[in-house]
Amino acid sequence: MALKLKIIIGSTRPGRIGPIVGKWAEDVAKEYSDFEVELVDLKEIDLPLLDEPNHPRAQAYEHDHTKRWAAVAADADAFIFLTPEYDYFPSAALVNALQCLSLEWNRKPAAVVSWGGVSGGMRAMQEIRMLISNLNMMPLPQSVPLPFVFNFIGEDGVLRPEQPVIDGMKGMLAELTDWAEALQPARG
Ligand SMILES: Cc1cc2nc3c(=O)[nH]c(=O)nc-3n(C[C@H](O)[C@H](O)[C@H](O)COP(=O)(O)O)c2cc1C
């Protein structure tokens, strides 16, 4: 049975380009990996700021929105988190979504695709990699930044990055596959 990859769109603001990056990442993952791929939009998950009374490790969720989000994360064998860079930092929506859960992340590999101006969101990416390691995920070093992302979005709203970025995605997906296969039995 195919391993499951969830690609999480981490930006939620009006006018965001997160879904454009998400569609591109989904297409590349479907073309260049054997994962069963699902694109998940945090805007649709619509999580409030941490509003559960119990520590997430207890998995005693009281709210339907947390239960829905926990079910998405629990169903995954691997993640790609998509984050914009806001003030050298990942989106608060993504940080919040990660901190709403705990055991659902356990021993799963995760890669990051980031975007922004000259940095391609690399400062945000590093922050997210630190957070996901603290959540007991395996953060891949094979991250994919998208520098000057707006230059690669056509009038049709489709992202077409240069070949080195696609090659980076291919390498990241290969690594993610290896880690997902290695860690699946480790979850018991
Ligand atoms: C509050 C805010 C802060 C930003 N800070 C940065 C930044 O630190 N580095 C950067 O490269 N771009 C920054 N940008 C520009 C974003 O990269 C750009 O708006 C991008 O479209 C954000 O992704 P989104 O459209 O999915 O929200 C910032 C944008 C906003 C709205």
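Order of listing sets the numbers, starting from 1, for every ligand and every atom in it.
- Looking from atom 23 (O) of ligand 1 to the surrounding protein, the closest heavy atom is W115 NE1, 2.8 Å.
- At a cut-off of 3.5 Å, with distance as the only test, a side-chain donor of R129 or Q126 sits close to an acceptor on the other residue.
- With respect to the salt-bridge test (charged N to carboxylate O, under 4.0 angstrom), the residues D77 and K4 do not qualify.
- Protein heavy atom in closest approach to atom 30 (C) of ligand 1: Y86 CD2, 3.6 Å.
- Side-chain atoms of S114 and E85 include no donor-acceptor pair closer than 3.5 Å.
- The pair R123-E127 does not count as a salt bridge, with every side-chain nitrogen at least 4.0 angstrom from each carboxylate oxygen.
- Taking the centre of each ring, W105 and F79 come in below the 6.0 Å mark.
- Both I7 and L159 are members of a single hydrophobic cluster when ILVMFWY side chains are connected at heavy-atom separations under 4.5 Å.
- Summarising the contacts of atom 5 (N) of ligand 1 with V149, D87, I153, the nearest heavy atom is found in D87.
- Judged by the shortest distance from any of its heavy atoms, F150 lies inside the 4.0 Å radius around the atoms of ligand 1.
- Among protein heavy atoms, atom 19 (O) of ligand 1 sits closest to R13 NH2, 3.7 Å.
- Taking every non-hydrogen atom of G116 and a distance limit under 4.0 Å, the qualifying atoms of ligand 1 come out as 11 (O), 17 (O).
- Close contacts between ligand 1 and P84 involve ligand atoms 22 (C), 23 (O) [criterion: under 4.0 Å to a heavy atom].
- For ligand 1, the atoms closer than 4.0 angstrom to any heavy atom of G117 are 10 (C), 11 (O).
- Using a cutoff of 4.0 Å between basic side-chain nitrogens and carboxylate oxygens, K30 and D34 are not scored as salt-bridged.
- Of the protein's heavy atoms, S11 OG, 2.7 Å lies nearest to atom 26 (O) of ligand 1.
- The shortest contact between atom 24 (P) of ligand 1 and any protein heavy atom is with I17 N, 3.6 Å.
- Distances from atom 13 (C) of ligand 1 to the heavy atoms of E85, R123, M122 put E85 nearest.
- Under a 4.0 Å N-O distance rule, the pair D64/R68 does not qualify as a salt bridge.
- Each of the following atoms of ligand 1 lies closer than 4.0 Å to a heavy atom of G18: 26 (O).
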